[in-house]
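Report on the following structure.
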Amino acid sequence: MTLLDQPALETPDHGTPPVLGEATAQVTVDGIGVLVPPGTSVMRAAKLAGVDIPKLCATDSLKAFGSCRLCLVEVEGIKGTPASCTTPCVDGMVVSTRTDQVAQLRRGVMELYLSDHPVDCPGCARGNCEMQELAHEVGVAEVRYGLGGASHLSEPVDESNPYFAYDPKACIVCSRCVRACSDIQQTFALTVEGRGFDARITPGGTDFLSSECVSCGACVQACPTDALTEKSVVSLGMPSRSVITTCAYCGVGCSFKAEVQGTGDGTRVVRMVPWKDGGANEGHSCVKGRFAYGYASHRDRQMEPMVRDSIDDEWRVVSWDEAIARVASGFLELRERYGAGAIGGISSSRCTNEEVYVVQKMVRAAFGNNNIDTCARVCHSPTGYGLNHAFGTSAGTQDFPSVDSADVMLVIGANPTDAHPVFASRMKRRMRAGAQVIVADPRRIDLVRSPHVEAALHLPVRPGTNVAFVNAMCHVIAVEGLYDEVFLRERCDDVDGYLEFIARPEHSPEATEGETGIPASDLRTAARLYAAGPNSAIYYGLGVTEHSQGSTMVMGMANLAMLTGNLGREGVGVNPLRGQNNVQGSCDMGSFPHELPGYRHVSRPEVREIYESLWGVTIQAEPGLRIPNMFDSALGGSFKGLYVQGEDIAQSDPNTQHVEAALRAMELVVVHDLFLNETARFAHVFLPGASFLEKDGTFTNAERRINRVRPVMPSRVGKDEWQVVCEIATAMGYPMSYAAPSEIMDEIAATTPTFAGVSFARLDAEGSMQWPVTDAAPHGTPTMHVGSFVRGKGQLTPTVYVPTTERANRRYPLVLTTGRILSQYNVGAQTRRTPNDTWHPEDVLEIHPSDAELRGISSGDVVELSSRVGRTELTAVVSERMPAGVVYTTFHHPVTGANVVTTENSDWATNCPEYKVTAVQVMVTTEAARAASLESVEASVGGKRGERVPDDVMATATEAMARRR
Amino acid sequence: MSHEVPPVVRLGHDLVRNFEPLGPEKAAYEIATHIRKFWEARMRADLAARVRSGDPTLHPLLVRAAQDLVDDDYDRAEVSESSGG
Ligand code: SF4
Ligand code: SF4
Ligand code: FES
């Protein structure tokens, strides 16, 4: 039986976390022998021996606390009745869990709890309370102190959080929630207030929504009673079966137990419970993964294929057959009329490996060209390029647990608490255990300082100057002799040349300070700290890649890690925090215009031969068009037809007006998506997609971990996405079919060396595997480059700093940089269709107080944000988090049109857009100012939100506004 | 306005800025290799046509790289290497 049809909901709870080490302690529990690592709790040992000890305050995701006294046992040679959750096992221990004395004590404890618990607690009726079962188990027939104690009964239920409610009446103050919040999530939003019967749980004296709570749900999962309960459980009732699958939001790739009711088309998700055995998340999750799945059944979701002749026509609902025939004949016609290079496809990092693989196959085999690219182009393509150049593999070097061994973490251009929250919790836990953190980011992100954690240093690196910064780090290490000579000589190429380059005075912190904005003394301290380690790990995000020197910066970080020998073991490495769920996978699957699956260039005849013989077609030996090249060629008149899967290019790609013009210039745009997104405004065919709850396949996360995605319900649109793609190819004259997605993975494994050992059956058996999975590493490879690099020796590269051409100037004196917020996700297509909007109903512009004051801007003002390519409006928030001269916004709402202002600048190597640096001007446009100075300008410009304004008009307008202020 | 610069010129000049520090010969060779590895045929043709027509906006290094491409003077081994991005 696969996990897919596993009815069991229960995951065994061993009461306390496992203890690592060899099982050398022989313990006897109620006459049953069990061997455990010394230090394991008696409670856990008992569970392993098959003996359940009643417990309330203990659960195996949390350190034992020993407060409820329900788990008492007797141990030979120890006086009294110790709590089994806090008593460690030693060799030879003999434990009795069911003596009369223990039973009597437990009954007494249980009676006390019940006396303060409502008799009509709804958790009982729902079956969502461990108390009920326990009362029965410990044999409480009557409560001598009276039932339904008065202490909490009058307190109202806190319904403020959109996803869960807190009912103090049902709370037994076991503090599991408090500990889940502090020890798992690391947020410290909850405390116990008062003592004894007066004790209660409070989110900082306010309600949950107004508190520090980030709605991760860890407390809800930990709560043994009905006190903290998902609202979905209240409205739908308890689930009846479960399916283990993978979250479709960020690159952490959390595993979930989707708990559902019903079967087939009648399936309803009751709740998503992070899966304890999930390799990436180990039972934790964030607000998006756990709660924000409602978009899959949102009324906006398009359920039927639609076509129209022109983008000005109304959509017409058609059958799948008609839609597929239209797509196929349309692409064939364009190919006939304009040549093979006139059509292409874009695959999505939201989709499974199997879906991405069939899209690139359709383009190569049925379209007959290499015009296939993936949305990773606009996020992490420099990661692939830079890490491959340095180490020989286009992927991060570590697994997530590696951070538990890091002594120093250098976080560059990433905001993990918002964008990768589950990994951020791990980082914070490590910080609390003593690891030092250096944050290099223009913004003072939460990791710089939040409850109980504080970074050793915050280096507010100016957007666009990352390479100067990383060179300065390497310079200090080289010049002060802090490098690992042995590692360099044994494992790296071009050592002397690099050391000579980096030692040049122009790289010194003093010389670069003016450019980077980082005080030289801070930079020296940071370099010394990183070099001292002993285990130093680099974690980075889009603040590294989305720059004109994104790829150079990735190589620069690789230099830094090689210089100090921080590679090839636990606790170190260069680790990209990938944006989307399957960025890694979509790149691995060959959806690059110059590379076949497994990153092999199309010019290699022996690689083409693998696919040519299997697919029975000739594969072009020439690279195809990248996404921006497709747009440029469309405007140039030679690119006419595009298939886009699961990416809203009209919203997510830079310089929106350029993208829109390109889309308008095409004769056939096919959008395959859940929603009629912005891109669909320019589409001629709309194909409804399947949500992650309906998909069968795999995602590969930021640690190269291949996780299974299992269908919780059948496709709600009648077809799976891989099937639709196969049918388009077939209708174009290239027969393509698979009986199931597992066959697609079999084909991937048979043709891609790093996936050689992967199959659905193996993944189902192992849980997950990190590629490469080969004969030499049959269970996968958690840590890469142990002993030697994949490319042999590591490549040190002289990373010359080349300033971006996008510089602040008199007309656009500020620099705009962009990022993500916890509750929303990318262009917001999913999260905006969930109650996550409660936390982030609109994008705002963060601006430093001095920049705000200069412009007369106060928090709450509507401001106009303009760059040399466009203008938009946002609400301003004056924030000390920003350095002067830099403004920041998120890009989750289409109305904001943040990409209306971003430019066509891109990474020199991969064309990843330079989203993180745009020279802008910000002006207040609130009613008063509007009336006084802007109305005429606006009228003459004729612009509305998100519209491109000609540069000359914009310049005049901006200057006029500046003068009138 | 740089957004009005023809795409191949803008992309070519990005390469120039990146490789320029290597000195003219090596830089042109690296630029030619990069273009051969990543640019689609019609982009290469566009660049070649601009060079032929004597486009005065082209940086000399880009012109030289385009000539290297015509002469097949680039790093063939590097072109077929994986790049991953
Ligand atoms: S939901 Fe998460 S952050 Fe909020 S109180 Fe519970 S554990 Fe803390
Ligand atoms: S809310 Fe739940 S987890 Fe928290 S103390 Fe009350 S019963 Fe325990
Ligand atoms: S479970 Fe051990 S004291 Fe509560």
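Naming convention: chains lettered A, B, ... in sequence-line order (proteins, then strands); numbering from 1 in each chain.
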Query - Validation row: S548(A), D14(B) side chains within 4.5 angstrom (heavy atoms) - result: no

Requested in this report: Report yes if some heavy atom in the side chain of F38(B) is under 4.5 Å from a heavy atom in the side chain of F592(A); otherwise report no.
Outcome: no

What part of [X] gets within 4.5 angstrom of chain B, counting heavy atoms only: side chain, backbone, both, or neither?
X: S906(A); answer: both
X: S381(A); answer: both
X: D907(A); answer: neither
X: A376(A); answer: neither
X: F631(A); answer: neither
X: Q620(A); answer: neither

Using a cut-off of under 4.5 Å on heavy-atom pairs, state which of [options] scores highest against chain B.
options: C587(A), S638(A), P593(A), P798(A); result: S638(A)
options: D632(A), N370(A), T910(A), L635(A); result: D632(A)
options: T552(A), L625(A), N369(A), T393(A); result: L625(A)
options: W908(A), Y385(A), Y801(A); result: W908(A)

Query raised in the report: Are any of the side-chain nitrogens in R44(B) or E622(A) under 4.0 Å away from the carboxylate oxygens of its partner?
Result: yes

Requested in this report: Any chance you could measure R42(B), atom CZ, to N629(A), atom CG, to the nearest 0.5 Å?
Outcome: 9.0 Å

Requested in this report: First locate atom CE of M43(B), then atom OG of S633(A), and finally report the distance between them rounded to the nearest 0.5 Å.
Outcome: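 Here the rounded value is 7.0 Å.
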
Query raised in the report: Can you name the residues that form a salt bridge (charged side-chain N to carboxylate O under 4.0 Å, His left out) with E20(B), not counting sequence neighbours?
Result: none

Requested in this report: Name the option with the most non-hydrogen atom pairs under 4.5 Å to chain A; the candidates are E81(B), H13(B), R36(B).
Outcome: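 The residue among E81(B), H13(B), R36(B) with the greatest pair count is R36(B).
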
Query - Shortest non-hydrogen contact between S394(A) and S83(B), atoms and distance - result: OG-O, 4.2 Å

Query raised in the report: Between E40(B) and P623(A), which heavy-atom pair has the shortest distance, and what is it?
Result: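 Closest approach of E40(B) to P623(A): CG-O, 3.3 Å.
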
Query raised in the report: If we ignore angles and hydrogens, is there a donor and acceptor under 3.5 Å between the side chains of S82(B) and H601(A)?
Result: no

**Report entry** E506(A), CD: over 12 other non-hydrogen atoms inside 6.0 angstrom
**Finding:** yes

Query raised in the report: Within the side chain of R626(A), is there an N or O that forms a donor-acceptor pair under 3.5 Å with the backbone of W39(B)?
Result: no

